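For reference, the structure discussed in these notes is given below.
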Amino acid sequence: MKKKYIPSEQSNMHSMHQNNHRQQPYLLFRRHPILISIFLLASAGSFVVVSFHADALFPILSLLNMPTTLICRLAAIVLGICGTLTSIISVLERIDDRNGIRLFMRTQAKEQQV
């Protein structure tokens, strides 16, 4: 027996599927928070490499007299700083989480002793 879907149910199911699909990348970054900083640092490194050959890779910008090398290096600096800050923050969060668990375990142990 087939179940007939009301259009509102179909739209609800479609929106639930879209929300579930949108949450998948966030779950990946929650499970592996270092991926964001690795991605930022890798893209910074690639911009540095691209900056050496920027005039050949972006001839239209060269024709417009835009400093392509400078643009690539500035993007690399910004991405490198963001990647470094992101990695520092993730390390600090990890340390804070571990200390919070230890502190919680100590308070529970003290409560049990009393």
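Values below: all heavy atoms of this structure, side chains included; hydrogens, waters and symmetry mates excluded. A quick note: this is a predicted structure, and the numbers were derived from the prediction, not measured.
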Please give me the minimum heavy-atom distance between [X] and [Y], naming the atom from each residue.
X: Val48; Y: Ala76; value: CG2-CB, 3.6 Å
X: Cys72; Y: Phe47; value: O-CB, 3.7 Å
X: Ser90; Y: Ile34; value: OG-CD1, 4.2 Å

Quick one: [atom1] on [X] to [atom2] on [Y], what's the gap to the nearest 0.5 Å?
X: Thr69; Y: Leu74; atom1: OG1; atom2: CG; result: 10.5 Å
X: Ser37; Y: Leu85; atom1: OG; atom2: CG; result: 11.0 Å
X: Leu79; Y: Phe39; atom1: CG; atom2: CZ; result: 8.0 Å
X: Leu57; Y: Ser51; atom1: CG; atom2: OG; result: 10.0 Å
X: Ile36; Y: Cys82; atom1: CD1; atom2: SG; result: 11.5 Å
X: Leu63; Y: Thr68; atom1: CG; atom2: OG1; result: 10.5 Å

>> Using the rule that Ile, Leu, Val, Met, Phe, Trp and Tyr join whenever any side-chain heavy atoms are under 4.5 Å apart, tell me whether Val50 and Ile77 fall into a single cluster.
In response: no
> Quick one: do Leu92 and Ile81 end up in the same hydrophobic cluster if we chain Ile, Leu, Val, Met, Phe, Trp and Tyr together by side-chain heavy atoms under 4.5 Å apart?
Replying inline: no
>> If you apply the rule side-chain contact (heavy atoms from CB on, under 4.5 Å), what do you find for Phe58 with Ile71, and how did you get there?
In response: CA-CA 11 Å; Phe58 306 112; Ile71 292 171; over 6 Å; no
